[in-house]
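Just the heavy atoms: all of them, side chains too, but no hydrogens, waters or symmetry mates, feed the values below. Below, read A as the first sequence line, B as the second, and so on, with proteins coming before strands; counting in each chain starts at 1.
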Number of protein chains: 2
Amino acid sequence: MATETLTRQAVTPELDLDGLDSILGIHVGTLNTLLLSRLERHLESFKVTPKQVAILWLVNANPGVKQSDLSRFFKIERPTVHQFVRQLTMNGHLVSEPSKLDRRAGGLWITETGTATLTAAREIIFTDEAELLSPLTPAEREELYRLTIKVYLSVPNRT
Amino acid sequence: MATETLTRQAVTPELDLDGLDSILGIHVGTLNTLLLSRLERHLESFKVTPKQVAILWLVNANPGVKQSDLSRFFKIERPTVHQFVRQLTMNGHLVSEPSKLDRRAGGLWITETGTATLTAAREIIFTDEAELLSPLTPAEREELYRLTIKVYLSVPNRT
DNA sequence: TATTGTTATACTCTATAACTATA
DNA sequence: TATAGTTATAGAGTATAACAATA
């Protein structure tokens with residue numbers, strides 16, 4: 001039995017892809033949508049979105065973190081971060097306390113409700129990951145992480 | 001000089017990531033956003049979005065293709081496909097002709113305007129790809145494609 | 001009954017512009 | 001001048017629900 005490479009062409013043989021499948025963005029986008037839509041569905045009962053959990057995760061590990069730090073880490077603009085912070089604040093998952101040292105900044109702290117939600121959400125995320133990555137060998141997983149990160153860390157910002 | 005693995009931790013050393021960077025979705029999402037936002041900016045003058053170009057690409061290569069075929073290929077719902085078709089139709093990039101054989105279905109055809117836009121957009125996409133993937137060796141590029149596709153083609157639909 | 005296309009609506013994530021307050 | 005946060009608005013991509021027409 002020959003080892004066959006599974007291609008997207010093989011899934012929709014009636015379509016001439018004309019090289020569209022040579023574009024990396026197509027595959028990254030498809031994978032991203034699949035990962036996100038699954039996770040959204042699994043997190044539905046906890047009333048949190050994937051990005052909200054990611055924010056909560058870092059606030060939990062970094063009590064008093066600033067929104068601008070989160071903005072830098074996630075590579076998203078400050079107003080975008082603020083939107084998630086506002087949602088999480090309204091849901092009682094975190095609180096914002098103005099810093100005494102720099103009164104412009106406000107430190108973020110997770111609440112008890114937030115901790116409970118984060119704990120449950122983490123379980124779901126780990127289960128999802130294990131299931132989704134099960135077709136890959138450990139070496140392949142490592143390589144997928146490494147290559148993905150290598151590309152976006154090498155990309156010049158806003159060119 | 002030792003070969004160092006570039007990590008996300010190294011970019012924001014002040015943050016305790018607490019394992020968040022072990023989640024694949026974080027990296028795929030970041031890469032996806034970076035690829036998309038760049039491409040959106042570069043396509044801005046042509047008044048088309050990345051997804052519109054992808055649709056146009058397949059309509060061009062498959063004259064008379066049905067919306068439901070595109071839905072299957074892109075793994076998105078029919079109303080989502082229809083939205084892009086409507087945008088492209090309004091912009092004069094494609095036309096929809098009802099099929100004579102199956103009057104439920106409508107075949108899609110690209111227009112002259114659509115062809116011109118697609119040709120220009122393809123140039124931009126190829127240039128983008130080459131630039132973005134330049135940090136990777138040819139073998140690494142192949143592996144990134146292969147692994148990305150392998151994951152999402154193995155994922156059970158809607159679980 | 002199943003498929004194709006459509007309409008209406010809503011959600012997630014992201015951005016820009018413009019503002020206030022503070023450093 | 002620069003930074004932190006905020007508000008308002010918009011755009012890209014996706015989904016579900018419900019429907020008509022056709023097979």
Side-chain angles (χ1 to χ4, degrees), chain A residues 25-26 28-44 47-55 64-72 74-90 94 96-108 157-158, chain B residues 25-26 28-44 47-55 64-72 74-91 96-108 157-158:
Chain A
I26 292 286
V28 171
T30 302
L31 177 57
N32 185 237
T33 300
L34 232 65
L35 296 179
L36 273 182
S37 62
R38 278 173 66 95
L39 189 52
E40 280 170 12
R41 251 180 300 124
H42 295 167
L43 290 175
E44 212 167 23
K47 308 286 183 195
V48 280
T49 67
K51 199 72 184 198
Q52 285 173 0
V53 174
I55 300 277
V65 70
K66 294 188 296 178
Q67 291 184 30
S68 48
D69 293 332
L70 299 177
S71 166
R72 266 185 295 277
F74 287 110
K75 297 178 180 293
I76 59 182
E77 298 297 321
R78 270 180 297 122
T80 306
V81 171
H82 182 260
Q83 180 185 240
F84 299 119
V85 167
R86 183 164 37 79
Q87 292 164 353
L88 288 165
T89 303
M90 290 194 309
L94 55 80
S96 175
E97 292 276 335
S99 165
K100 303 268 181 179
L101 298 171
D102 180 346
R103 278 156 43 224
R104 290 173 302 187
L108 302 174
N157 283 349
R158 316 216 16 108
Chain B
I26 292 287
V28 172
T30 301
L31 177 56
N32 185 238
T33 300
L34 233 63
L35 296 180
L36 272 182
S37 62
R38 277 173 67 94
L39 190 51
E40 280 170 11
R41 249 178 302 122
H42 295 168
L43 290 176
E44 213 166 24
K47 307 287 184 195
V48 280
T49 68
K51 201 72 184 198
Q52 285 173 1
V53 174
I55 300 277
V65 69
K66 294 188 297 178
Q67 290 185 30
S68 49
D69 293 331
L70 299 176
S71 167
R72 265 186 296 276
F74 286 110
K75 297 176 179 293
I76 59 181
E77 297 299 320
R78 271 177 298 122
T80 306
V81 171
H82 178 77
Q83 180 185 241
F84 299 119
V85 167
R86 184 164 37 78
Q87 292 164 352
L88 289 165
T89 303
M90 288 195 309
N91 288 350
S96 175
E97 291 276 334
S99 165
K100 302 268 178 179
L101 298 170
D102 180 345
R103 277 159 40 226
R104 290 174 302 188
L108 301 174
N157 283 349
R158 314 216 17 107

Closest to the 5' end of DNA chain C, once B:G29 and B:A105 are matched to their nearest nucleotides, is B:A105
Taking only the side-chain nitrogens and oxygens of B:T49, find out if one of them lies under 4.0 Å from OP1 or OP2 of D:dG13. yes
Out of D:dT16, C:dG5, D:dT14, which nucleotide sits closest to the side chain of B:E77? D:dT16
Considering residues at least two apart in sequence or located in another chain, which fulfil the salt bridge (charged side-chain N to carboxylate O under 4.0 Å, His left out) criterion with B:R86? none
Taking the side chain of A:S68 as its heavy atoms from C-beta onward, which of C:dT16, D:dG5, D:dG13 lies nearest to it? D:dG5
Sorted by chain and number, sequence neighbours left out, side-chain hydrogen bond (donor to acceptor under 3.5 Å, both in side chains) with B:N91 holds for none
Heavy atoms only: give me the nearest A:L43-A:T49 pair and the separation to one decimal. CD1-C, 4.0 Å
Nucleotide by nucleotide, nucleotides 18-23 of chain D touches protein heavy atoms under 4.0 Å in the pattern (B base, S sugar-phosphate only, - none) ---BBS
Could you work out which one of D:dG13, C:dC13, C:dT4 sits closest to the side chain of B:R78? C:dT4
Provide, to the nearest angstrom, the distance between the CG atom belonging to A:L31 and the P atom belonging to D:dT14. 13 Å
Identify which nucleotide among D:dG5, D:dG13, C:dG5 has an atom closest to any side-chain atom of B:F84, counting heavy atoms from C-beta outward. D:dG13
Is the shortest side-chain N/O distance from A:T80 to OP1 or OP2 of C:dA15 below 4.0 Å? yes
Take atom CG of A:L43 and atom C1' of C:dC13, then tell me their distance rounded to the nearest Å. 15 Å
Measure CD/A:E97 against C1'/D:dG5 and give the value in whole Å, please. 15 Å
Check whether B:S99 reaches the backbone of B:G106 with its side chain - one donor and one acceptor, N or O, closer than 3.5 Å. no
Checking B:R103 now: which residues fulfil side-chain hydrogen bond (donor to acceptor under 3.5 Å, both in side chains) with it, not counting sequence neighbours? none
Could you tell me whether A:T33 contacts a base, only the sugar-phosphate backbone, or nothing, with contacts defined as non-hydrogen atoms closer than 4.0 Å? sugar-phosphate
Would you please confirm or rule out a distance under 4.0 Å between OP1 or OP2 of D:dT14 and any side-chain N or O of B:K75? no
Which nucleotide in the list C:dC13, D:dA4, C:dT4 gets nearest to the side chain of A:Q83? C:dC13
OG/B:S37 to CD1/A:I76 distance, rounded to the nearest 0.5 angstrom? 12.0 Å
Rounded off to whole Å, could you give me the CD1-to-C1' distance for the A:I76 and C:dT12 pair? 12 Å
For A:Q67, which residues count as a side-chain hydrogen bond (donor to acceptor under 3.5 Å, both in side chains) partner, sequence neighbours excluded? none
Can you see if the side chain of A:H82 gets near the phosphate of D:dT6 - specifically, an N or O under 4.0 Å from OP1 or OP2? yes
Could you state the CD-C1' distance from B:E44 to D:dA10, rounded to the nearest angstrom? 13 Å
Which residue, A:S37 or A:G107, contacts DNA chain D at a nucleotide closer to its 5' end, judged by nearest heavy atom? A:G107
Between A:R38 (CZ) and D:dA15 (P), how many Å, whole number? 14 Å
For A:Q52 and C:dT12, is the shortest distance between a side-chain N/O and OP1 or OP2 below 4.0 Å? no
D:dA4 P sits how many Å from A:D69 CG, rounded? 8 Å
If only side-chain N and O atoms of B:K66 are considered, is one of them under 4.0 Å from the OP1 or OP2 phosphate oxygen of C:dT4? yes
Test side-chain hydrogen bond (donor to acceptor under 3.5 Å, both in side chains) applied to B:T30 - qualifying residues, sequence neighbours left out: B:R8
In whole angstroms, how far is the C1' atom of C:dC13 from the CG atom of A:N32? 10 Å
